[in-house]
There are 2 protein chains.
Amino acid sequence: MAERKRPSIREVALMADVSVATVSNVLGGRKMVTPTLAARVNEAVKALGYQADRAASQLRSGRARVIAVLVPSLDNPFFTSIIAGIEQAVQSEGYDIIVASSNNDGETERKRLSALLSWRPAGVMILPVDDRFAALEMLEASESPFVVVDRLPLRLRADTVAVDNQHAAILACNHLVALGHRDVLVVASTLKLANIRARISGIRRAFRQANLPEPKIVEAGLSLETASSQLAGWLATNERPTGIIALTNFTTIGVIASLNQLGLRIPDDVSLVGFDDYVWMQAATPTITAIRQPVEQLGAQAWACLRERIEDGRTELRTLRLHCTLQVRGSTARVGKSHRPITVNNS
Amino acid sequence: MAERKRPSIREVALMADVSVATVSNVLGGRKMVTPTLAARVNEAVKALGYQADRAASQLRSGRARVIAVLVPSLDNPFFTSIIAGIEQAVQSEGYDIIVASSNNDGETERKRLSALLSWRPAGVMILPVDDRFAALEMLEASESPFVVVDRLPLRLRADTVAVDNQHAAILACNHLVALGHRDVLVVASTLKLANIRARISGIRRAFRQANLPEPKIVEAGLSLETASSQLAGWLATNERPTGIIALTNFTTIGVIASLNQLGLRIPDDVSLVGFDDYVWMQAATPTITAIRQPVEQLGAQAWACLRERIEDGRTELRTLRLHCTLQVRGSTARVGKSHRPITVNNS
DNA sequence: TTGTACGCGTTATCAG
DNA sequence: CTGATAACGCGTACAA
């Protein structure tokens, strides 16, 4: 009773007593078929549990129904939320996604992209590991449509979908400035990434326009540990700011951990604006004011963009910038009486 | 200069002046080829930037190098961390993953699984949306190897890789009991999931063995909002426990948020053991004691398990249970003087 | 509506 | 034992 091999289109044709072409036409719905025959085919399909082999279908038709997605890491909820948005968007149009991680490494990115391209995907979505975007050449050579998401490469020879980082930074600044903060510290992950630099440049501009001194910048690395220790080091040797802007989700956590260790209270001693909005921020003590990136939109728009190339044959370059929003919560407060003017004592 | 189509194996053969079979043999490495010819082939491959089409390769050879992965949600870092582990594991052996989300919905699970199976993957990894595991029939019919991860189905007719939920629960209990807690509340997401029930049964057993009264259970739902409000409601009408065990990451956050709102301090008023270990727990105030699930291991072992079926042709059922560990941090303290004996006032 | 060539890499078969 | 030729897997597309 077992040992039943997976049925092919021929066996369906045989059972329905039609040609394979007819079966294909019924299933693909691209040619009209007599209702009688169509019914017979559908019956046979159901009886056999037939499903077309996508590999074969893609091979013959040349039309792939798979999108390759390459992200720097699958352990960062920011990236996986974008993937969630992409999957949600493409799935409704019959596409599937092949996902790979470049592990924040340029060489791995190259290898994984190469593997992805061997599937001849209908399109590629990539979040590059860095600005240099070494993958560009490979993508151009592959001649498959692609869109760069979130991280912007130096050479803008591609469709890009990202947030407006300058605008996001300005939101954070205006909020702090409105609360009377003049002395602000910016905790960046790494200046090697263009969107981090864009956030910083937005902050600089906002403070210039408010006629305030430019904020100081700390480069704090990509992990919680480095972020936490770098900030502690900085605070030990500099005058304490009244407000801090953290430029990524990991630096946000690092800042909180560091301030806790130093016994500094948020927002009484220091106000904090975090980056990326996560559920835990609503449970933190205090709740964390944060810049919210529209992650689902990022994924959905990336697909909209890619889709235009795949299905509508668009060829002009497209550049999409989505706006972040500010989630005001408990970690930011007016500069005032409760602020202790003493600096951290570093023995 | 453009308009260069993707080269096929024939053009490589032509350029290297050998047959397509030889090219295939050189690239696949499954037949010995004279070094001279091999060199010529490799040269041509490099010159043309040739890469075999995986769809064609899979079609003819019948050996697929792709694993289908179906998870309940891509917005939950617990699931995506498992995916990270899977990707890491399979990637090193030349496999890619197709990822889909069932959106916590049985019907969507069915549809997505069906789509995944049409790729004729070498294997399937699935985290079912519920105990009934309706996907089982489809998977058995497909005759592709599969492994059920994390969520255990009622009918254990499949390889399973999951954590030892009873053991995890016991870790949490022993910790609280050692700190003198006798009055413990368990905040569960939903009793509909077998692993939640297993955790509860582990807790019950641990308290029985310690000759303590059985903990109370609150079913708090799957989102932060429900968790938070359910707990608040419970605390308003019941005597306050000295310790709380939260059984999922979302309930952990919900408990913290709820306690904050009620003005209860952790761990002075209530000790808390959370489930799942995330970076933010190290930055929370206080830092959160939590049960850490070995997420990377879950992915890696799931692959090890699937791999045995795919490549070694194993047929016996396998059941793997991994151990969680307890991360002791600041949210749990000895029951004692600082505990305020007054109950929450509910007006 | 159907017969069948085709896409492309693999493999069975056969020649050297 | 190496290498070439041709059949093949399966769904699609085009001519008939």
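Using a 4.0 Å heavy-atom distance criterion, B/V23 is classed as making no nucleic acid contact. Within 4.0 Å (heavy atoms only), A/R63 reaches sugar-phosphate atoms of the nucleic acid but no base atom. Residue B/L37 is classed as a sugar-phosphate contact, given heavy-atom separations below 4.0 Å to backbone atoms only. Using a 4.0 Å heavy-atom distance criterion, A/R10 is classed as a base contact.
A straight line from CG of A/L14 to C1' of C/dT2 spans 15 Å, rounded to a whole angstrom. For B/W119 and D/dC10, the CH2 to P distance is 17 Å, given to the nearest whole Å. Whole-Å rounding puts the B/Q58 CD to D/dC10 P distance at 11 Å. Rounded to an integer number of Å, the gap from CG of B/N25 to P of C/dT11 is 9 Å. Rounded to an integer number of Å, the gap from NZ of A/K31 to C1' of D/dA15 is 9 Å. The interatomic distance linking A/L59 (CG) with D/dC8 (P) rounds to 17 Å, in whole Å. Taking atom CZ of B/R120 as the reference point, atom C1' of D/dC10 lies 9 Å away to the nearest angstrom. Between B/I9 atom CD1 and C/dC8 atom P there is a gap of 11 Å when expressed in whole angstrom units.
For A/R30, taking side-chain heavy atoms from C-beta onward, the closest of the listed nucleotides C/dT10, D/dT12, C/dT13 is D/dT12. Comparing C/dT11, C/dG9, D/dG3 by their nearest atom to the side chain of B/V33 picks out D/dG3.
Considering only side-chain N and O atoms, B/S61 lies nowhere under 4.0 angstrom from the phosphate OP1 or OP2 of C/dT10. Residue A/S19 places at least one side-chain N or O under 4.0 Å from the OP1 or OP2 atom of C/dT2. The shortest distance between the side-chain N/O atoms of A/S24 and the OP1/OP2 oxygens of D/dG11 is not below 4.0 Å.
Salt-bridge formation is not detected for the pair B/R40/B/E43: no Lys NZ or Arg NE/NH1/NH2 atom is positioned less than 4.0 Å from an Asp or Glu carboxylate oxygen. Using a 4.0 Å cut-off between charged side-chain N and carboxylate O, A/R54 and A/D96 make a salt bridge.
Counting heavy atoms from C-beta outward, B/T22 and B/V33 have side chains that approach closer than 4.5 Å.
DNA chain D is contacted by both B/R60 and B/T22; B/T22 maps to the nucleotide lying nearer its 5′ end (nearest heavy atom per residue). Sequence order on DNA chain D of the closest nucleotides to B/V20 and B/A56 puts B/V20 first from the 5' end.
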Going through the checks in order, is the side chain to side chain contact (heavy atoms under 4.5 Å, CB included) test met by A/N195 and A/D150?
CA-CA 8 Å; A/N195 43 13; A/D150 177 53; 3.8 Å; yes

Worked check of salt bridge (Lys or Arg N to Asp or Glu O under 4.0 Å) between B/R314 and B/D312
CA-CA 6 Å; B/R314 171 172 60 79; B/D312 312 340; over 6 Å; no

